[in-house]
Amino acid sequence: MLNFLDLVHFSIVALLGSTILLIALGHRVRTTHALTSLLYLAAILALSQAFLSYALNAPPEPSSLVCALLIGIAVILLARNWNAVGQICFAMALLCVISYLAYVINVTVISAPGPLLITLAASALALIAASLVLMIVHTFEIIDVLCRVTWRRCFTPQPSSGYTPKISLHVPAYNEPPELVMRTLDALAALDYSHYEVIVVDDNTSDPHMWNPVREHCQTLGFRFVHLHNWPGYKSGALNFALSLAAPDAEIIGVIDADYIVEKNYLSDLVGFFRNPKIAFVQTPQDYREITGNRYALALYRSYQYFFKLSMASRNERNGIIFTGTMGLIRKSALAQVSGWDEWCITEDAEVALKLLNLGYESVYIDQSYGRGLMPLTFEDLRSQRFRWAFGGMQVLRLHWKKLLPGSRLWDRDGKLTFGQKFDFWSGALQWLNDPLTFLFTAVLLACAVSFTLGQPVLLQPVATSIIFMPFLFIAFGMLKMLWALRQRLHCSLTEAYHAFLVLMSLTWVVTMACTLGLLRKHGRFLRTPKYIEGRVGNTLRVIRSECLVMTVVLAIVAWVSWYAPTGPVKHVLCGLLLWQVYIYSAAFVVNRWSMQSASDTASEERGQLQPTISRILPVGTALIAQAESQAPHASSNIEEQTSAVAMHVFAAHA
């Protein structure tokens with residue numbers, strides 16, 4: 001009979017050894033061969049056996065070696081495009097997860113401490129299992145990119161070469177500074193492609209001083225401009241309206257956010273892909289400009305890069321990417337097949353990608369930036385943006401989860417999603433759910449801590465002392481591979497990678513709330529990301545009040561457990577895991593402080609630049625007021641409104 005404890009011990013040592021090998025050589029080995037992989041596997045297993053024989057004075061049982069060997073060979077055969085280092089590390093991570101879950105399930109069933117506590121233990125076990133599955137999925141994504149030796153779908157620019165279909169570029173805008181939008185339009189006017197049109201749709205901006213200059217600029221450039229009042233559907237509604245205005249002979253639709261400066265070769269480099277009628281859309285990375293030297297901007301920039309440098313690169317190999325809403329081109333006829341952009345979904349871009357791939361179309365991701373926009377200027381704006389993305393991700397999952405199930409063609413006969421594509425969409429959705437799982441794990445830990453302090457058995461007390469510290473191994477493994485991936489893929493220092501990691505962790509609470517509401521509610525509100533600070537620089541601790549409350553409660557429980565609970569391994573593990581939860585939520589506090597400092601510096605610079613302008617505007621404004629009062633003494637309120645409007649227009653033009 002298989003000894004689960006022995007297998008866990010063996011898998012721990014094998015995972016540690018293969019992780020060291022991964023970080024040292026995973027991104028350097030550029031060849032793959034089954035024999036080489038088997039030699040790596042044999043070396044890891046032999047070293048693990050030797051270490052355990054020395055440390056425990058007893059060699060591992062043969063059954064443990066057989067299990068490790070079988071899982072290693074299976075991964076080697078299935079992941080032939082990875083180098084040996086990646087194959088072995090993934091196999092050992094898989095072995096560690098399987099053996100640990102098997103052990104704790106076995107202990108839970110045998111110990112059976114009672115109905116109430118067995119329910120609590122089962123809940124915790126379910127959370128642990130879900131977290132470990134997500135860890136394996138995330139590990140797969142990282143190794144799939146950094147340890148991949150051969151790429152089947154690595155695309156390079158495809159110039160038009162005489163193929164010049166009509167392209168309709170759509171620029172949705174809402175309450176954007178006119179100068180910002182006009183810079184975007186100037187860049188579009190300079191494209192080195194002859195057969196295209198630009199349609200600008202201003203969606204529900206109430207102040208004419210914000211959109212009138214854009215309309216006039218469109219007239220100068222020969223672009224079409226439409227202002228919509230009280231129009232439904234948020235960004236999707238604006239894009240559908242632009243789609244209805246597109247030229248009848250337009251074959252390709254492009255979506256450009258109002259803050260993006262597009263390079264002139266954007267269309268000419270990418271349009272050639274559409275010679276293939278199977279290609280539904282082409283996506284390039286979202287990139288950003290005006291990145292100052294402060295920690296917030298640099299860390300945020302690298303956290304954004306993670307998705308395009310790792311997630312999209314991995315998904316592209318299985319034709320499972322998403323359309324990300326800007327800097328992408330999509331076939332008009334294919335878009336018509338799915339009835340345009342769904343206005344119920346606030347991430348209409350990702351949703352339309354799933355529907356097009358389900359029809360059997362192909363996609364292209366080319367890892368080359370062709371345009372750069374603006375990042376959220378404050379942590380509050382970042383939270384709003386991430387809330388929208390996570391909420392929309394749950395909307396897509398709620399509507400289309402049946403398409404992603406194995407055997408989905410039994411009820412969706414027209415569905416053509418492959419296993420790899422389903423895996424990619426499940427992976428994307430489940431990674432959003434990692435943050436709600438973190439919060440649930442925090443709640444379960446708090447309940448366990450209270451139970452333990454009151455003298456009740458907590459979860460899996462029969463677990464061996466050496467195994468009870470396994471969660472810390474998984475935490476360390478997760479952090480190490482994440483930092484390694486960020487550093488290698490983004491070509492940054494370890495400190496810079498850690499800062500990007502903090503930004504990703506800082507959004508745990510807001511993603512938790514977004515996923516929860518997204519699973520419970522059908523409709524959401526599109527939260528716009530402002531492109532200027534809007535006077536919100538001050539004390540913004542209110543933004544993270546929820547995280548502060550969670551940290552306070554957890555720290556109080558840690559103090560209580562430390563003082564009243566009996567000393568022993570369980571106490572140390574509970575306190576350690578609770579402190580890890582504090583660390584997760586404290587990331588929001590750190591990143592918010594970086595954001596406040598960044599916003600304060602930006603506002604100071606803008607005030608300094610604006611001072612000469614104000615000194616020139618003030619006499620003119622005074623003269624206008626005096627003239628207006630002499631003509632209409634009783635219209636002071638109207639005068640104030642007009643003067644404010646003039647000041648806003650001048651400020652926007654010089655901001």
Side-chain angles (χ1 to χ4, degrees), residues 153-172 181-201 217-226 239-258 260-287 316 319 321 323-338 340-341 349 352-353 356-357 359-373:
R153 287 170 48 87
C154 187
F155 299 104
T156 56
Q158 295 287 328
S160 53
S161 302
Y163 172 68
T164 56
K166 182 69 171 287
I167 300 177
S168 184
L169 297 177
H170 300 167
V171 184
V181 183
M182 289 189 285
R183 286 186 64 190
T184 296
L185 299 180
D186 288 339
L188 295 179
L191 291 171
D192 60 356
Y193 188 81
S194 58
H195 202 199
Y196 72 100
E197 66 175 0
V198 176
I199 301 175
V200 181
V201 180
H217 198 63
C218 285
Q219 292 173 349
T220 302
L221 297 175
F223 296 163
R224 296 186 68 178
F225 177 89
V226 179
L239 289 176
N240 279 330
F241 190 87
L243 188 61
S244 70
L245 299 179
D249 60 338
E251 299 180 35
I252 300 169
I253 303 297
V255 180
I256 307 293
D257 280 356
Y260 266 75
I261 306 299
V262 180
E263 295 182 7
K264 64 179 183 179
N265 58 331
Y266 171 54
L267 298 182
S268 59
D269 270 12
L270 302 181
V271 72
F273 287 108
F274 290 94
R275 288 181 184 271
N276 182 356
K278 294 183 179 180
I279 299 298
F281 62 95
V282 176
Q283 184 63 57
T284 66
Q286 292 182 9
D287 208 344
N316 187 52
N319 188 30
I321 67 168
F323 192 77
T324 63
T326 189
M327 298 310 300
L329 302 174
I330 189 166
R331 192 181 296 275
K332 184 183 176 185
S333 60
L335 189 58
Q337 277 186 264
V338 295
W341 310 97
D349 39 22
V352 81
L356 289 173
L357 295 177
L359 290 176
Y361 280 105
E362 295 182 13
S363 60
V364 169
Y365 173 66
I366 179 168
D367 188 14
Q368 179 175 329
S369 296
Y370 284 94
R372 291 169 174 80

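All figures in this text were calculated on a predicted structure; none of them were measured in a lab.
- Atoms SG and CG, from C218 and L185 in turn, are 5.0 Å apart once rounded to the nearest 0.5 Å.
- With no hydrogens or angles considered, no side-chain donor-acceptor pair links T324 and D349 at under 3.5 Å.
- Considering I253, L267, T284, I279 in turn, L267 is the only one that fulfils the side-chain contact (heavy atoms from CB on, under 4.5 Å) rule with L329.
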Determine, stepwise, if the pair L356 / I330 fulfils side chain to side chain contact (heavy atoms under 4.5 Å, CB included).
CA-CA 10 Å; L356 289 173; I330 189 166; 3.6 Å; yes

What do the steps show when you test H217 against V181 for side chain to side chain contact (heavy atoms under 4.5 Å, CB included), and what is the final call?
CA-CA 10 Å; H217 198 63; V181 183; over 6 Å; no

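- With M327 as the partner, the side-chain contact (heavy atoms from CB on, under 4.5 Å) test is satisfied by one option alone out of L270, V255, D287, V262: V262.
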Full working for side chain to side chain contact (heavy atoms under 4.5 Å, CB included) between Q286 and Y260
CA-CA 9 Å; Q286 292 182 9; Y260 266 75; 3.3 Å; yes

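- Taking OH from Y266 and OH from Y196, the interatomic distance works out to 12.5 Å, rounded to the nearest 0.5 Å.
- Within the 3.5 Å criterion, the main-chain N or O of T326 finds a donor-acceptor partner in the side chain of Q283.
- Residues N265 and D192 come closest through the heavy atom pair CA-OD1, 3.4 Å.
- At a threshold of 4.5 Å between non-hydrogen side-chain atoms, the residues K166 and H195 count as touching.
- P157 has its side chain within reach of Q368: a pair of non-hydrogen atoms, C-beta onward, lies under 4.5 Å apart.
- Nearest heavy-atom pair across A246 and H170 is CB-NE2, 4.1 Å.
- Once rounded to the nearest 0.5 Å, the distance linking CD of E197 with CG of L245 reads 8.5 Å.
- The shortest heavy-atom contact between Y163 and G272 is CD2-CA, 4.3 Å.
- Residue pairs meeting the salt bridge (charged side-chain N to carboxylate O under 4.0 Å, His left out) criterion with at least one partner in residues 269-283, sequence neighbours excluded, are absent.
- The OH atom of Y370 sits 12.5 Å away from atom CG of L191, with the distance rounded to the nearest 0.5 Å.
- Note that CD of E362 and CD1 of I321 are 11.0 Å apart. Values are rounded to the nearest 0.5 Å.
- A pairwise comparison of heavy atoms in V201 and A242 identifies CG2-CB, 3.7 Å as the closest pair.
- Scanning all heavy atoms of the two residues, the minimum distance from I199 to S168 falls at CD1-OG, 3.8 Å.
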Could you go through F281 and Y361, starting from their C-alpha distance and side-chain angles, then the distance that decides it, and tell me whether this counts as side chain to side chain contact (heavy atoms under 4.5 Å, CB included)?
CA-CA 9 Å; F281 62 95; Y361 280 105; over 6 Å; no

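- Formation of a donor-acceptor pair under 3.5 Å by the N316 side chain with backbone atoms of R153 is found in this model.
- V282 pairs in a side-chain contact (heavy atoms from CB on, under 4.5 Å) with only one of the listed residues (F273, F323, F155), which is F273.
- Counting all heavy atoms, side chain and backbone alike, P165 lies closest to Y193 at O-OH, 2.6 Å.
- Remark: R183 CZ to I261 CD1 distance equals 4.5 Å, nearest 0.5 Å.
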